[in-house]
Amino acid sequence: GEDVEQSLFLSVREGDSSVINCTYTDSSSTYLYWYKQEPGAGLQLLTYIFSNMDMKQDQRLTVLLNKKDKHLSLRIADTQTGDSAIYFCAERDTGTASKLTFGTGTRLQVTL
Amino acid sequence: EAQVTQNPRYLITVTGKKLTVTCSQNMNHEYMSWYRQDPGLGLRQIYYSMNVEVTDKGDVPEGYKVSRKEKRNFPLILESPSPNQTSLYFCASSLPGGRLTGELFFGEGSRLTVL
């Protein structure tokens, strides 16, 4: 089955850039997503990238996709304390319509 | 406001006492799903439903039941809860795969403790 992996924890200083990495195994993934989970809340879609794209930029967020290596990354520029959260990578394949497979989540801690 | 609503948000129960976690969405989504979130394991899918009266097992369905009698509701039933079902549960909904981006909309979560 599909497998999505992330490191569990990342700590950065306020104002620095954060890079959260994700690897996946399903080569037929169509969309790849980044979700953000703030404490005590559900997951909210942060951004997504279609599998035929290499990069997507949205304000402070940059998503890079390396299909050959099955590697996805999320870069947050000028990280703020409000960015402290758990970030989940997820992929949707063509085989099981609508199902998203999630990674373990990366807890981002932003320090002053 | 478009939303997915789960109840209860918090529940402490005892082993063997049947319980139901309700989920309702107001976006007319065909697809609904239940996930559980456990530390170090991320989100794992329990059951999903492609439409009314159509449900299927996810990756970790043991000990759970679901029903989809109406489009908006997708309750999760624990017939005989056990301590290993202590977890944070999320309901989610979306348009079917292939429609737009397939974004999942999540409820706020239900934290269940089984003693």
Side-chain angles (χ1 to χ4, degrees), chain A residues 1-9 20-26 28-53 56 58 63 65 72 85-107, chain B residues 1-7 9-10 21 23 25 27 29-51 54-61 68 74 88-111:
Chain A
E2 304 87 357
D3 194 21
V4 180
E5 294 191 356
Q6 303 176 237
S7 54
L8 291 179
F9 187 75
I20 302 172
N21 294 301
C22 170
T23 57
Y24 60 97
T25 57
D26 188 353
S28 64
S29 296
T30 55
Y31 282 96
L32 294 119
Y33 307 83
W34 283 104
Y35 278 82
K36 178 182 180 183
Q37 183 184 30
E38 296 187 0
L43 281 72
Q44 288 198 310
L45 182 67
L46 202 55
T47 187
Y48 65 92
I49 188 167
F50 190 54
S51 58
N52 67 355
M53 298 168 65
K56 180 178 180 181
D58 184 2
V63 178
L65 175 60
L72 182 74
I86 301 176
Y87 291 82
F88 289 93
C89 167
E91 60 94 18
R92 175 159 74 90
D93 65 40
T94 55
T96 309
S98 302
K99 179 184 177 181
L100 268 63
T101 300
F102 286 85
T104 53
T106 299
R107 182 178 294 277
Chain B
E1 182 190 350
Q3 59 186 6
V4 179
T5 304
Q6 299 178 224
N7 279 295
R9 293 288 314 280
Y10 302 91
V21 187
C23 174
Q25 52 92 6
M27 294 169 280
H29 285 164
E30 286 100 338
Y31 180 85
M32 296 185 75
S33 180
W34 277 101
Y35 287 85
R36 60 177 289 175
Q37 182 181 5
D38 301 290
L41 297 176
L43 272 77
R44 293 178 292 167
Q45 190 181 50
I46 302 170
Y47 267 93
Y48 65 95
S49 170
M50 298 295 292
N51 214 325
V54 181
T55 63
D56 212 342
K57 295 177 181 178
D59 299 316
V60 288
R68 188 88 183 273
F74 190 45
L88 179 58
Y89 291 86
F90 286 101
C91 180
S93 71
S94 76
L95 293 170
R99 303 264 298 270
L100 302 177
T101 63
E103 174 188 353
L104 272 178
F105 292 83
F106 282 83
E108 293 196 320
S110 296
R111 185 167 292 281

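Below, chain A is the first sequence line, B the second, and so on; all start at residue 1.
The candidate with the highest count of non-hydrogen atom pairs below 4.5 Å against chain B, out of A:G105, A:G42, A:G103, is A:G42.
A salt bridge links B:R36 to B:D38: at least one charged side-chain nitrogen sits closer than 4.0 Å to a carboxylate oxygen.
Contact annotation for B:L41: only backbone heavy atoms (N, CA, C, O) come within less than 4.5 Å of a heavy atom of chain A. In this structure, chain B has no heavy atom under 4.5 Å from any part of A:F50. In this structure, chain A has a heavy atom under 4.5 Å from the side chain of B:Q37, while its backbone stays farther away. Using a 4.5 Å cut-off between heavy atoms, A:Q37 touches chain B through its side chain atoms alone.
Minimum interatomic distance between B:G40 and A:L8 (heavy atoms only, all atoms of both residues): CA-CD2, 4.4 Å.
Listed by chain and residue number, B:E108 satisfy the salt bridge (charged side-chain N to carboxylate O under 4.0 Å, His left out) test with B:R9 (two or more places apart in sequence, or in another chain). For the side-chain contact (heavy atoms from CB on, under 4.5 Å) test, residues two or more places apart in sequence or in another chain that qualify with B:D56 are B:Y48.
Here the CE atom belonging to B:M32 is positioned 5.5 Å from the CZ atom belonging to B:R68, to the nearest 0.5 angstrom.
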